Amino acid sequence: MTTLGELTASIAHEVNQPLAAIIADASACLRWLAAERPDLDSIREALDSVVKDAERAAEVIVRIRALLSYSPVTREPCDLVDIVHDVLPLAGPELRRRGIVLETALAPDLPRVIGDRIQLQQVLLNLLVNAGEAMRETQPERRRVVVRSSAECRDGEVWAILAVEDAGPGFRELDEARLFEAFYTTKPGGLGMGLSISRSIVERHGGQLWGTSNPGRGATFHLALPGTR
Amino acid sequence: MNSDKPVVFIVDDDRDVRDSLRRLLTSVGLAAEVFDTAQAFLAARRADVPSCLVLDVRLPGLSGLDL
């Protein structure tokens, strides 16, 4: 899947950065140690950094393993804001590399939802990767993704809603109804699976996933799940 | 730079990468200066020309290629 391919590149970068830093610092330490009077302060600073970078790389791996694990589907109370915090460290670096400003507006009082945390993370990740992709032709200064959360009352029940807003071309000219069709894609090289899989995950959770055009520019995807008391 | 040491300028938005590069260059006796964005590098432009520029291509805002 394209999303997975993109993620793989992003993950490789996220692990390679700290590894490159570790190699540079370790090489610096070896050089300092070879001196007649080793510069211990510099060596200590570099080694502190080696530890920190190794932890950073390990943390990326831990997150990936959690995200890609094929553990059985679970149904447990989840907080959508926690899910945002799980996913942003993964998607954020890739968005920033695309020159995209990432903003959040997270309501603190969202109802919890019942579901599979990993699957919900995958849905949000897919929406963020799509938002980034949608802005590949957008002028650099307009590239912006906003993740919002809110609570909404529907027929006496409280729902938790996440929205991912981009500043891409939107889908005014597209057949909106086709967005969630499997194999329908607007991305070069895309398979058109991301949104259809995401929608099926959300519907299995008793929720809804839909897209709207923004008044100005861009599109917003909304993920709504029934809250639990 | 008031010494004759070659100066390497590093422009990278990843702090860990840029600091480790700075330490590596320092360990081999070079002077290094670091910048987190292309804009910061341009804003600090001075009379002396760097001997070498280590530039990240994918930077937020102005990209390495734009620079």
Side-chain angles (χ1 to χ4, degrees), chain A residues 9-10 12-35 38-57 59-60 92-103 132 135-136 139-145, chain B:
Chain A
S10 172
H13 185 266
E14 282 313 293
V15 177
N16 275 335
Q17 293 284 94
L19 287 181
I22 287 169
I23 292 169
D25 273 323
S27 305
C29 284
L30 287 174
R31 286 179 194 281
W32 279 316
L33 283 171
D39 177 351
L40 292 182
D41 286 340
S42 294
I43 291 170
R44 190 171 295 113
E45 182 191 333
L47 287 177
D48 277 343
S49 192
V50 165
V51 171
K52 200 173 60 153
D53 283 320
E55 285 171 350
R56 176 180 159 191
E59 199 185 319
V60 174
E94 175 60 17
L95 293 176
R96 279 193 291 279
R97 270 194 298 282
R98 289 173 176 272
I100 296 166
V101 176
L102 178 58
E103 291 173 15
M135 287 186 286
R136 62 189 179 274
Q139 286 170 290
E141 62 274 17
R142 291 184 188 275
R143 291 179 193 167
R144 177 168 168 268
V145 171
Chain B
M1 261 323 116
N2 47 18
S3 77
D4 295 333
K5 267 190 190 176
V7 188
V8 179
F9 284 10
I10 300 161
V11 187
D12 199 310
D13 61 327
D14 189 313
R15 182 179 167 181
D16 295 338
V17 169
R18 85 178 171 255
D19 286 349
S20 63
L21 271 178
R22 175 181 52 76
R23 284 188 289 268
L24 179 62
L25 293 166
T26 310
S27 77
V28 296
L30 295 169
E33 289 197 34
V34 295
F35 303 91
D36 59 354
T37 61
Q39 285 91 337
F41 171 70
L42 288 174
R45 184 176 6 210
R46 300 165 328 201
D48 58 338
V49 175
S51 313
C52 178
L53 174 64
V54 180
L55 177 63
D56 188 8
V57 172
R58 300 181 83 172
L59 289 164
L62 194 64
S63 79
L65 290 176
D66 293 337
L67 175 67

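The chains referred to below are lettered A, B, ... by the order of the sequence lines, with proteins before strands, and numbering in each begins at 1. Bear in mind the structure is a predicted one, so any value in this text is a computation, not a measurement.
To the nearest 0.5 angstrom, A/D25 atom CG is 9.0 Å from B/L21 atom CG. In this structure, B/R23 CZ and A/I43 CD1 are separated by 12.0 Å, a value rounded to the nearest 0.5 Å. Note: A/Q17 CD to B/D13 CG = 7.5 Å, rounded to the nearest 0.5 Å. Of the inter-residue distances, the one linking A/E45 atom CD with B/T26 atom OG1 reads 9.0 Å to the nearest 0.5 angstrom.
At a 4.5 Å heavy-atom cutoff, B/R18 makes no contact with chain A through either its backbone or its side chain.
Here A/R56 is the residue among A/R96, A/R56, A/E141, A/K52 with the most heavy-atom pairs under 4.5 Å with chain B. Options A/A26, A/S27, A/P18, A/A28 differ in how many heavy-atom pairs under 4.5 Å they form with chain B, and the most are formed by A/A28. The candidate with the highest count of non-hydrogen atom pairs below 4.5 Å against chain B, out of A/A20, A/S42, A/A46, A/C29, is A/A46.
Taking each heavy atom of B/S27 and A/R31 in turn, the nearest pair found is OG-CD, 3.3 Å. For the pair A/A24 and B/L24, the tightest heavy-atom approach, listed with the atom from each and the gap, is O-CD1, 3.5 Å.
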